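Not measured: the values here are computed from a predicted model. Below, read A as the first sequence line, B as the second, and so on, with proteins coming before strands; counting in each chain starts at 1.
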Amino acid sequence: MAVRETVETVDEVGKYKYGFFTDIESEKAPKGLNEDTIRFISAKKDEPEWMLEWRLEAYRRWLTMQEPSWAKVNYPEIDFQDAYYYSAPKSDEDRPKSLDEVDPKLLETYEKLGIPLSEQKMLAGVAVDAVFDSVSVATTFKGKLKEAGVIFCPMSEAIRDYPDLVRKYLGSVVPVSDNFYATLNSAVFSDGSFVYIPKGVRCPMELSTYFRINEAQTGQFERTLIVADEGSYVSYLEGCTAPMRDENQVHAAVVELVALEGAEIKYSTVQNWYPGDENGKGGIYNFVTKRGDCRGADSKISWTQVETGSAVTWKYPSCILRGDNSVGEFYSIAISNNYQQVDSGTKMIHLGKNTSSRIISKGISAGKSSNTYRGLVSVHKKAEDARNFTQCDSLLVGDKCSAHTVPYIESKNPSAVLEHEATTSKISEDQLFYCMQRGLGEEEAVALLVNGFCRDVLQQLPMEFAVEAQKLVGISLEGSVG
Amino acid sequence: MLEIKDLHVKVDGKEILKGITLSVGTGEVHAIMGPNGSGKSTLSYVLSGREGYEITKGEILYKGKDLRAMEIEERAAAGVFLAFQYPIEIPGVTTMTFLKTALNAQRKARGEEELDAVKFLRLVREKAGPLNVSEDMLKRPLNVGFSGGEKKRAEILQMALLEPSLAVLDETDSGLDIDALKVVSDGVNALRSPDRSMIVITHYQRLLNHIVPDKVHVLSAGRIVRTGGKELAHELEETGYADIVEA
Ligand SMILES: Nc1ncnc2c1ncn2[C@@H]1O[C@H](COP(=O)(O)OP(=O)(O)OP(=O)(O)O)[C@@H](O)[C@H]1O
Ligand SMILES: [Mg+2]
């Protein structure tokens with residue numbers, strides 16, 4: 001009841017106080033970004049006033065900020081006024097009616113990845129009726145989660161139904177003013193997921209399968225918040241191996257993780273946004289802010305990512321090791337082919353005593369791509385006995401690509417033990433010949449060798465996904481040899 | 001099975017093989033001996049189609065077909081197998097995974113059904129046992145940190161699994177202790193069959209006591225300078241290459 005009232009108030013406020021009355025029935029906000037756009041988004045989502053205020057504050061901040069330029073990526077200047085910031089999900093009439101209407105190339109890739117037919121439909125956005133398998137599957141999942149007391153819902157729903165939790169934690173890891181893209185996201189975020197695991201609860205399943213079936217239509221400005229209360233555990237998988245296309249070129253997601261005392265969050269990502277064609281035309285610009293806060297003692301956050309898509313990737317999933325004895329991990333595979341540019345890595349900020357972090361990064365560059373690992377390990381004064389182990393391995397496929405490793409280390413506590421190892425290698429002709437002598441085609445050989453190179457990271461992925469991710473590695477490198 | 005006629009091969013612009021003629025009948029085992037640098041490994045690479053080995057003259061017929069027209073992996077699927085003198089390390093890829101990928105790639109190329117995990121596992125265990133290849137080795141990345149002898153056993157395991165028609169074993173005996181030599185030779189002998197031919201490259205007559213060849217060739221400076229029966233190997237063991245090469 002209370003929720004409903006708030007919503008109505010907002011509508012009223014929208015109409016009178018700001019003289020704002022863009023056609024709320026329309027499917028798209030007009031092009032461009034101004035306070036009206038933000039009010040439109042907020043009203044569309046029936047948001048309470050505090051949320052609108054939060055967005056507006058972010059927007060006003062954003063106006064004063066500069067797009068960062070320190071990353072090793074090049075792209076034409078983005079005109080933020082020449083973009084749409086809200087469009088309703090496609091109606092069934094606009095969707096393909098069956099797989100016959102879907103780009104055959106896309107289907108071919110689904111096939112190679114071994115994605116079941118029912119999921120292919122889902123991923124390709126085919127309009128499906130209620131009898132569709134996944135609906136009942138999803139319902140089963142929902143029941144199980146509810147039993148355990150786990151909250152898992154779209155962010156927009158959480159804002160309405162769990163305002164106290166959202167207000168307490170949203171922006172508490174990535175502050176509104178954090179960086180240009182995160183601030184933009186705070187102003188205009190479309191939707192995303194909210195997860196809350198209650199005290200002592202071990203989430204009864206990977207929040208991956210469910211997610212895959214339900215959230216295939218991710219937005220341009222996704223916002224995700226995961227809170228693991230004391231002593232709880234959750235494993236969450238975002239994205240999917242299937243190639244994702246989107247009309248919107250600029251993507252700026254924000255993910256915040258909060259692990260309270262003794263809690264553990266395992267967050268895995270497979271990112272396969274459209275990377276542009278083999279000449280570097282088109283493709284998504286992906287500017288992501290992901291950060292986890294090990295807020296309580298003995299907590300643990302572990303990021304695993306497989307990045308194969310996007311024309312430009314700017315992404316540094318990080319851990320703030322605030323609680324004593326907390327642990328942060330970052331396992332990454334970043335593959336770039338053709339003209340893709342990846343600048344990715346992590347930050348491990350050691351604040352608490354006896355905190356430890358581990359970074360394993362595997363960068364693979366092929367074609368004419370550029371692949372940069374950028375990492376920061378920072379040990380603060382009070383972080384007694386902090387430990388970090390970093391291993392950055394780069395693999396070059398061909399001789400027109402490049403790999404860069406930029407590790408920053410700051411230690412203000414002499415008790416810190418920081419180890420860093422880095423290697424750069426090429427796929428050798430010997431290895432290729434050996435594999436091919438045994439019957440593998442050249443591309444198959446490259447895929448096998450690259451998968452071998454990535455093994456330490458692939459092993460961190462949830463089982464079912466590891467298999468698909470391995471295939472994805474091969475597919476991403478198609479056309480990189482010969 | 002294999003007909004090589006007047007084969008000339010250049011590597012990096014330098015002629016290494018200078019007119020080799022060799023005929024290996026179906027089911028035959030031929031040994032090739034000869035001093036270091038005479039071109040033995042080069043011949044094995046040419047047969048398997050390695051890049052950088054330019055055939056300037058001559059021809060190679062395998063089962064009546066021109067080998068030169070076939071890609072490396074096509075030759076493999078058609079039954080050409082090379083046990084490497086120096087097996088290559090494949091980091092991160094377990095022996096098991098490698099074997100499965102290779103076998104299924106070949107089966108697929110031949111239009112045969114790929115083996116599922118269960119059938120494959122059964123097959124590998126059956127082949128690995130006699131070669132003393134342990135479960136532990138199968139789970140380790142192929143050739144990485146393998147001892148010299150382990151590497152050679154892994155090569156023979158691959159041969160046993162892939163069941164080639166023409167196997168070239170390049171110094172498979174080097175680096176083996178006496179027991180391992182026995183295991184490997186028994187493995188190879190078990191694979192001898194009326195429809196499988198082998199070319200065994202070695203420096204030591206010792207191996208040929210175990211794997212008794214039908215013919216022995218001596219390769220020197222890119223040419224076959226002598227061919228004989230198994231007794232030729234004994235002769236070489238006693239006199240060395242000097243006499244033959246100079247003759
Ligand atoms: N890439 C290359 N460039 C130039 N010369 C080469 C190249 N590869 C091989 N050779 C030369 O070709 C000759 C034959 O080499 P090969 O490896 O075939 O000898 P081998 O008979 O197998 O010797 P070993 O008994 O030592 O194994 C050697 O002189 C070697 O140096
Ligand atoms: Mg040799």
**Q.** B:Ile72 versus chain A, the contacting section by heavy-atom distance below 4.5 Å
**A.** both
**Q.** B:Leu99 portion near chain A, given a 4.5 angstrom heavy-atom threshold
**A.** neither
Q. In chain order, what residues pass the side-chain contact (heavy atoms from CB on, under 4.5 Å) check against A:Thr405, with sequence neighbours excluded?
A. A:Tyr373, A:Cys392, A:Ser394, A:Pro407
Q) Excluding sequence neighbours, so at least two apart, what forms side-chain contact (heavy atoms from CB on, under 4.5 Å) with A:Phe389? A)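 Here the qualifying residues are A:Arg358, A:Ile360, A:Gln391, A:Glu419, A:Glu421.
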Closest contact, heavy atoms only, [X] versus [Y]:
X        : Y        : result
B:Glu51  : A:Glu429 : CB-OE2, 4.3 Å
B:Gly92  : A:Arg455 : O-CD, 2.7 Å
B:Leu82  : A:Gln437 : N-OE1, 3.2 Å
B:Val93  : A:Leu448 : CG2-O, 3.4 Å
A:Gly439 : B:Ala105 : O-CB, 3.5 Å

Q. Which residues from residues 115-131 of chain B are near chain A, with near meaning under 4.5 Å between non-hydrogen atoms?
A.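 Counting heavy atoms that sit under 4.5 Å from chain A, no residue of residues 115-131 of chain B is involved.
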Q. By side chain to side chain donor-acceptor pair (under 3.5 Å), which residues pair with B:Lys57, not counting sequence neighbours?
A.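 Result, side chain to side chain donor-acceptor pair (under 3.5 Å) vs B:Lys57: B:Asp6.
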Q) Looking at CZ of B:Phe81 and CZ of A:Arg438, how far apart are the two atoms once the value is rounded to the nearest 0.5 Å? A)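 Nearest 0.5 Å value for the CZ-CZ distance: 3.5 Å.
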Q | Interface residue of largest heavy-atom contact number with chain A, from B:Arg75, B:Glu89, B:Gln106, B:Gln158, under 4.5 Å | A |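 It is B:Gln158.
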